[in-house]
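Just below is one structure, and these are the notes that go with it.
This structure is a prediction, so every number in the text was calculated from the model and none was measured. Side chains are part of it too, since the values below use all heavy atoms of this structure and drop only hydrogens, waters and symmetry mates.
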Amino acid sequence: MVTAVLFLAPALLAIGLLRIVPFAGAAWSTLYKRVGVGLLAEQRFAGMDNYVTLFSDPLFRGTLVRTVVFNLILNPVQIALAMCVAVLMTRVIPLRGLWRTAVFIPCTIPLVGSSIAWGIALRGDGPINGLLQALGFGPQPFFTSPHQALASIMLVASWVGIGYWMLFLIGGLNDVNTELYEAAGIDGANNWRTFWHITLPLMKRPLLFVLVADTVANFVLFIPVQLLTNGGPQESTTLLMFDAYRRTYSYSQPNLGATSTLILTLIMLVIVAIQFRLLKDED
């Protein structure tokens with residue numbers, strides 16, 4: 001018992017200092033308001049006033065809805081595409097290792113670098129618009145359009161996410177007993193029925209892990225929004241993580257920023273709990 005405690009102590013200490021203590025501090029901060037400026041500022045107890053202030057703000061309510069919709073669209077799309085690529089990469093295809101490496105390479109590039117590269121690629125005079133014009137289409141505004149900016153942010157996030165989650169799903173697919181596929185083939189099952197009745201049920205645990213991790217990653221997505229759109233145009237890409245950052249550091253409202261962060265965390269917990277419920281292993 002003592003040995004186990006000694007081995008676990010560094011990890012538990014790190015979790016406590018880096019996770020639990022900051023979260024508790026943020027939760028406590030939501031109950032106070034900052035009065036004054038600079039060194040003369042003081043914290044006064046405000047109860048639930050910060051929550052009332054945020055939910056009374058139509059811009060925050062729009063950010064809240066936008067964040068949930070963003071994740072409800074992006075997460076299933078990313079996981080579905082990662083699953084399709086993983087299935088393809090476990091088949092016997094020429095140069096399979098090379099293709100796996102090519103899909104994974106975007107994950108090795110820091111998100112800052114990927115965001116900058118996509119910002120250049122999708123600008124008005126960038127190569128993507130050049131290709132569209134060569135194909136006979138008009139140039140697209142992408143990050144400068146309130147109707148396309150959020151979808152463009154999804155594209156940047158998926159560029160990195162699909163290859164990363166593919167690796168975990170390939171690991172799960174490699175653990176599926178091949179004798180089950182052979183038996184299905186003998187019974188005359190086609191590829192779709194085999195995938196639906198054998199692969200998916202046996203991939204519940206890997207899919208649950210990937211879905212939960214992807215949900216958390218996309219809820220706290222920040223770098224592409226800050227670098228490429230700064231929450232615009234017309235607040236169309238302002239998500240809760242960016243809203244918390246902006247309130248804290250740009251507007252000097254740390255208590256409202258902490259409140260926004262806590263709301264974001266609670267929404268993530270609810271959605272993750274629903275995911276666990278839906279993909280619960282019944283064995």
Side-chain angles (χ1 to χ4, degrees), residues 15-38 41-75 110-112 114-115 119 143 146 149-154 156-157 160-161 212-274:
I15 292 173
L17 292 177
L18 300 177
R19 300 293 183 185
I20 298 176
V21 171
F23 179 76
W28 184 257
S29 179
T30 65
L31 302 177
Y32 288 82
K33 277 190 176 181
R34 187 179 184 182
V35 180
V37 181
E42 62 179 70
Q43 299 283 347
R44 293 181 182 175
F45 184 76
M48 302 299 290
D49 285 355
N50 288 319
Y51 295 92
V52 173
T53 299
L54 284 182
F55 283 105
S56 300
D57 183 358
L59 291 178
F60 177 80
R61 294 198 301 269
T63 298
L64 184 63
V65 173
R66 187 180 306 110
T67 302
V68 173
V69 172
F70 175 83
N71 282 271
L72 289 178
I73 294 174
L74 182 59
N75 296 342
L111 191 53
V112 173
S114 295
S115 299
F143 293 118
L150 195 60
S152 300
I153 294 292
M154 292 182 183
V156 177
V160 177
V212 169
D214 189 44
T215 297
V216 174
N218 287 329
F219 261 105
V220 298
L221 188 68
F222 173 75
I223 291 175
V225 175
Q226 185 195 30
L227 287 180
L228 299 174
T229 63
N230 201 37
Q234 300 176 23
E235 301 293 324
S236 62
T237 60
T238 299
L239 304 176
L240 276 177
M241 190 67 190
F242 182 77
D243 176 78
Y245 163 82
R246 187 168 58 183
R247 289 180 187 275
T248 302
Y249 298 104
S250 299
Y251 300 159
S252 297
Q253 299 173 332
N255 303 107
L256 288 178
T259 307
S260 183
T261 302
L262 186 61
I263 293 171
L264 171 64
T265 303
L266 294 176
I267 293 173
M268 278 196 301
L269 290 175
V270 169
I271 292 180
V272 167
I274 293 173

[X] side chain to [Y] main-chain N or O, any donor-acceptor pair under 3.5 Å?
X	Y	result
Thr238	Gly231	yes
Thr67	Leu240	yes
Thr237	Gly232	yes
Thr261	Gly257	yes
Arg61	Phe55	yes
Asn255	Ser29	yes

State, yes or no, whether a side-chain contact exists between [X] and [Y] at a heavy-atom distance under 4.5 Å.
X	Y	answer
Met268	Asn71	no
Leu74	Ile153	no
Trp28	Gln43	no
Thr63	Phe242	no
Val156	Phe143	yes
Lys33	Asn50	yes
Leu256	Phe60	no
Leu111	Ser115	yes

Using ring-ring contact (aromatic ring centres under 6.0 Å, His included) as the criterion, list what pairs up with Tyr251, not counting sequence neighbours.
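ring-ring contact (aromatic ring centres under 6.0 Å, His included) list for Tyr251, sorted by chain: empty.
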Measuring from [X]:[atom1] to [Y]:[atom2], what's the distance to the nearest 0.5 Å?
X	Y	atom1	atom2	answer
Asn230	Ser250	CG	OG	7.5 Å
Gln226	Met241	CD	CE	10.5 Å
Leu264	Leu269	CG	CG	9.5 Å
Glu235	Leu150	CD	CG	12.5 Å
Leu262	Ile267	CG	CD1	10.0 Å
Ile263	Thr30	CD1	OG1	9.0 Å

Determine the minimum heavy-atom distance between [X] and [Y], stating which atoms define it.
X	Y	value
Gly16	Pro22	O-CD, 4.2 Å
Ala244	Thr248	O-OG1, 2.8 Å
Pro233	Ala149	CD-CB, 3.7 Å

Test item: side-chain donor near acceptor, Thr259 and Tyr51, under 3.5 Å:
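The answer is no; no qualifying pair exists.
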Answer yes or no: does atom OH of Tyr249 have more than 12 heavy-atom neighbours from other residues, nucleotides or ligands under 6.0 Å?
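No, because the 6.0 Å sphere around OH of Tyr249 holds 12 heavy atoms or fewer from other groups.
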Run the salt-bridge test on Arg66 and Asp243 with the 4.0 Å N-O cut-off and return the result as yes or no.
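No, no charged N to carboxylate O under 4.0 Å.
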